Chemist: 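Input: one structure, supplied below.
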Amino acid sequence: MKSYSVHNVYLKQNDDELETQYFVFEYISGTAVMNWTKDDYERANNFLDISDTPIVMMDKYNGKNDYVNVSTDYRY
């Protein structure tokens, strides 16, 4: 049986002149977004349109709000 990842996902927008939007994935359980396969991204696209929107992963385990960029290379 395939287990699924559970994340809180937030759509954020930079305050710069480009107003770049990006997703923040906060890990809850399962596989962290950094370790997803192409199939995982395809499954997630059934719930929200990720397409080429930048993704950052919130690292909440070291006691700080660190963010790790997730390369779009992982999605294809």
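Residue numbers run from 1 in the order of the sequence given. For clarity, every value in this text was computed on a predicted model and none was experimentally measured.
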Chemist: Would V9 and V24 satisfy side chain to side chain contact (heavy atoms under 4.5 Å, CB included), going step by step from the backbone distance to the final call?
Modeler: CA-CA 6 Å; V9 181; V24 175; over 6 Å; no
Chemist: Could you measure the distance from the CD1 atom of I55 to the OG atom of S71? Nearest 0.5 Å is fine.
Modeler: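 The CD1 atom of I55 sits 10.0 Å away from the OG atom of S71.
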Chemist: Just wondering, do M34 and V68 contact through their side chains at under 4.5 Å, heavy atoms?
Modeler: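 Counting from C-beta outward, V68 and M34 do come under 4.5 Å.
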Chemist: Any chance you could lay out the side chain to side chain donor-acceptor pair (under 3.5 Å) test for S5 and W36, step after step, and finish with the verdict?
Modeler: CA-CA 9 Å; S5 297; W36 281 7; 3.3 Å; yes
Chemist: Taking the side chain as C-beta and beyond, is there a heavy-atom pair between F25 and I50 under 4.5 Å?
Modeler: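 Result yes, sub-4.5 Å side-chain heavy-atom pair found.
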Chemist: Answer yes or no: is there a side-chain heavy-atom contact under 4.5 Å between Y10 and V56?
Modeler: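 A side-chain contact under 4.5 Å is absent here.
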Chemist: Please report the shortest heavy-atom distance between T20 and D16, naming the atom on each side.
Modeler: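 Nearest heavy atoms, T20 then D16: N-OD1, 3.6 Å.
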Chemist: The criterion is side-chain hydrogen bond (donor to acceptor under 3.5 Å, both in side chains); which residues satisfy it with Y67, sequence neighbours excluded?
Modeler: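 For Y67 there are no side-chain hydrogen bond (donor to acceptor under 3.5 Å, both in side chains) partners, ignoring immediate neighbours.
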Chemist: Does some side-chain heavy atom of V33 sit less than 4.5 Å from a side-chain heavy atom of H7?
Modeler: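 Touching, per the 4.5 Å side-chain cut-off.
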Chemist: Would you indicate whether the side-chain heavy atoms of F23 and L48 approach each other to under 4.5 Å?
Modeler: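 In contact.
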Chemist: Within a strict 4.5 Å, meaning less than it, do heavy atoms of the Q21 and L11 side chains meet?
Modeler: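 Yes, side chains in contact.
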Chemist: Any chance you could measure T72, atom OG1, to D52, atom CG, to the nearest 0.5 Å?
Modeler: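 Rounded to the nearest 0.5 Å, the OG1-CG separation comes out at 6.5 Å.
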Chemist: Looking at N14 and E19, would you say the former's side chain and the latter's main chain have a donor-acceptor pair under 3.5 Å?
Modeler: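 Flag not set: sc N14 to bb E19 has no pair under 3.5 Å.
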